[in-house]
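Working notes, structure below.
On a predicted model such as this, the values are computed, not experimentally measured, just so you know. Nothing fancy with the numbering, it's 1 onward along the sequence.
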Amino acid sequence: MDWKDGIKGGPFSPDQLDKLISAFSGLSSEQIQWLSGYLAGRSNASIQQSASQQEQNAFADKSTSDEVPLLILYGTQTGNSEKLALHMEKCAQSTALKVTTKSMAEFKGKDLKKVTNLAIIVSTQGIGEPPVQAEELYNFLHSKRAPKLDHLRYTVLALGDTGYAQFCQTGKDFDHVLEKLGAERICKRVDCDIDYEDDASAWIDSVLKTLQKSVSTGSPTPSVNFQQNGSGHQQKPQYNRKNPFEAPLLDKVKLNGRGSSKETIHLEIGLEGSGITYQPGDALGIYAHNSERLVDSILETLQFSGTEEVETHQGTSSLRNALTYDYELTPLTALTLNKYAELTGSSKLENTLAEASRVSDYLYGRDIIDLFKETPSRLSPQELISVLRKNTARMYSIASCQEAYEDEVHALVSVIRYHSHGRAKEGLCSTYLADQLTLEDDKVKLFVEENNKFRLPEDEQTPIIMVGPGTGVAPFRAFMQQREMNDNPGKAWLFFGDRNFTTDFLYQTEWLQYLKDGLLTKVDVAFSRDSHEKVYVQHKMWENGKGLYDWLESGAHFYVCGDAIRMAKDVEKTLKDIIKTHGHQSSEQADEYVKYLQLSGRYQTDVY
């Protein structure tokens with residue numbers, strides 16, 4: 001076909017065709033090729049400009065539309081905030097709200113000037129810190145560059161754990177700083193504990209209904225239901241936090257050798273008939289019972305018989321049953337401290353609660369009995385129930401791959417026993433699993449919680465570096481089992497640490513076999529009590545700094561699992577020092593390097 005015939009098939013008027021044919025007839029092939037590239041570039045620029053304008057319009061109010069814009073920003077560590085944000089977006093689909101959902105990492109703080117309605121869903125990491133995704137926006141809003149936001153309406157859903165003194169601190173900080181900058185609340189902030197579903201549902205429902213009232217021709221806001229699928233039909237009931245599966249214990253093995261100062265148990269639990277599925281990186285939630293000895297101590301301290309009838313979150317129950325199954329007695333939380341201070345009017349506790357540092361110091365090593373003995377007050381059985389935290393599941397990184405163990409799930413548990421404030425203390429779930437749960441007829445109530453923020457690379461050939469001291473090694477056992485199922489996995493490097501080599505090298509035989517088979521490329525171990533100077537995983541990282549940096553430069557993913565307060569921070573600091581030294585970078589450049597790894601999913605943590 002002649003090029004003139006081809007151009008006649010385009011979307012041009014007769015006058016435009018005449019001009020185009022006249023213009024092109026005098027051009028050389030080189031000139032036509034240059035013009036083709038130029039026009040393609042102009043076309044792409046136009047598309048990008050249009051997309052940018054659409055994004056801005058998504059933030060800004062439109063006077064020509066009945067739709068009310070809502071921007072949902074989430075900051076997440078394990079993926080729960082993201083799941084809630086997407087669920088909120090789905091709930092708003094049948095309303096007159098124009099919803100845009102973004103990770104805080106994808107959003108620029110200066111664009112808040114274009115936002116009219118904002119919903120923030122954010123978790124708290126470590127000891128009151130924002131998750132990595134939220135850091136930049138968090139720091140921007142707390143800086144001198146933060147703009148006045150008196151045009152903005154906002155609301156905050158904070159996710160946290162009342163077991164920590166800085167409960168939901170990041171959400172509280174976002175709420176306070178937005179108010180300080182002049183923004184007006186759509187609804188008051190809601191702070192969620194570990195079992196966040198009901199509170200989150202109520203918050204989403206309240207936000208959407210409030211915004212819906214400002215629409216002149218809106219449809220009713222649908223009720224929020226976490227059990228519904230996209231079509232609105234009820235899904236087949238599944239086992240979850242509210243409906244745990246009662247699973248048989250198949251095996252329980254103490255992994256520490258004789259003479260160890262630690263007690264670590266490996267559990268194998270049956271899933272047959274449950275339909276529960278999981279992936280390496282997911283967490284296993286387990287519900288425990290308080291020991292009879294501890295319940296008796298509470299009843300004796302408060303002079304109750306245990307037969308008293310009380311109303312609980314599970315319904316009417318005897319006080320003994322409520323204390324055994326429905327509430328927690330071992331961890332003393334800031335929430336309980338606040339409730340007890342209000343109930344008793346104790347000036348001593350009010351003084352403690354005045355500063356976060358005092359709260360942390362007071363909670364450390366104390367339990368409920370310590371509180372009642374140190375600040376005695378005559379409570380009724382119902383008042384006792386009112387100050388207690390309801391029983392929540394303990395989360396354990398899954399230590400198995402389902403492809404290798406189809407109807408089983410494995411967990412690695414450090415049994416907590418200690419002496420503090422004149423009494424022997426114990427961890428609720430760890431001692432339940434170690435002492436109360438038997439291999440006979442006992443069953444454990446459990447569920448699986450996804451953690452899409454702690455996953456093996458999609459490309460099986462990608463190198464992985466795993467840092468997991470103590471029970472933090474659990475998910476890496478699952479990682480290696482998964483890679484063993486693959487035909488040609490990439491390189492893998494494990495950093496493991498514990499107290500003593502001869503008694504505390506968890507899963508030692510398996511790691512050595514993986515090394516022998518070539519599935520594990522390197523293992524570096526640190527045993528803190530085997531030498532005069534304590535050696536930890538971060539010291540082994542530093543010793544192997546050049547190799548570790550080379551692995552990162554070749555695209556390796558970096559994983560950390562374990563203690564958030566000390567270990568994870570020390571590991572991150574050491575990683576930055578390695579990047580500075582072996583990458584010949586400044587402190588600022590090393591910070592940016594690590595931030596890039598985190599935001600791109602190449603630096604993932606499962607810390608607690």
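- By the neighbour-count criterion of 12 heavy atoms within 6.0 Å, atom CD of Q436 is densely surrounded, having more than that number from other residues, nucleotides or ligands.
- Not less than 6.0 angstrom separates the ring centroid of F447 from the ring centroid of F245.
- Between the OG1 atom in T155 and the CD1 atom in I121 there is a gap of 9.5 Å [rounded to 0.5 Å].
- You'll find the side chain of V122 stays beyond 4.5 Å of the side chain of L159, heavy atoms only.
- When every heavy atom of Y278 is checked against every heavy atom of V409, the shortest pair comes out as OH-CA, 3.7 Å.
- In this structure, S201 contributes its side chain and E197 its backbone to a donor-acceptor pair below 3.5 Å.
- Screening residues 325-358 for ring pair (Phe, Tyr, Trp, His ring centres under 6.0 Å) gives H289-Y325, H313-Y327, Y340-F372 as the qualifying pairs, with residues at least two apart or on separate chains.
- Listed for the N321 side chain is no donor-acceptor partner under 3.5 Å among the backbone atoms of S317.
- Both tests hold for R366 against Y362: distance to the six-membered ring centre under 6.0 Å, angle to the ring axis within 45°.
- Looking at S297, its side chain does come within 3.5 Å of a backbone N or O of R293 through a donor-acceptor pair.
- In this structure, S81 contributes its side chain and G75 its backbone to a donor-acceptor pair below 3.5 Å.
- With sequence neighbours excluded, the residues satisfying side chain to side chain contact (heavy atoms under 4.5 Å, CB included) with P244 are Y287, K445.
- The closest donor-acceptor contact from the side chain of Q604 to the backbone of R455 lies under 3.5 Å.
- For A434, the side chain to side chain contact (heavy atoms under 4.5 Å, CB included) criterion is met by E263, I265, V415, R417, not counting sequence neighbours.
- D150 CG: more than 12 foreign heavy atoms inside a 6.0 Å radius.
- For the pair N240 and E449, the minimum side-chain heavy-atom distance is 4.5 Å or more.
- At distances below 3.5 Å, at least one donor-acceptor pair connects side-chain atoms of Q382 with backbone N or O atoms of E311.
- Between the side chains of R358 and T352, no donor N or O sits under 3.5 Å from an acceptor N or O.
- Distance check: L428 CG to N391 CG gives 6.0 Å after rounding to the nearest 0.5 Å.
- Within the 3.5 Å criterion, the main-chain N or O of N451 finds a donor-acceptor partner in the side chain of D282.
- Counting heavy-atom neighbours within 6.0 Å of E272 CD, excluding the residue itself, gives a total of 12 or less.
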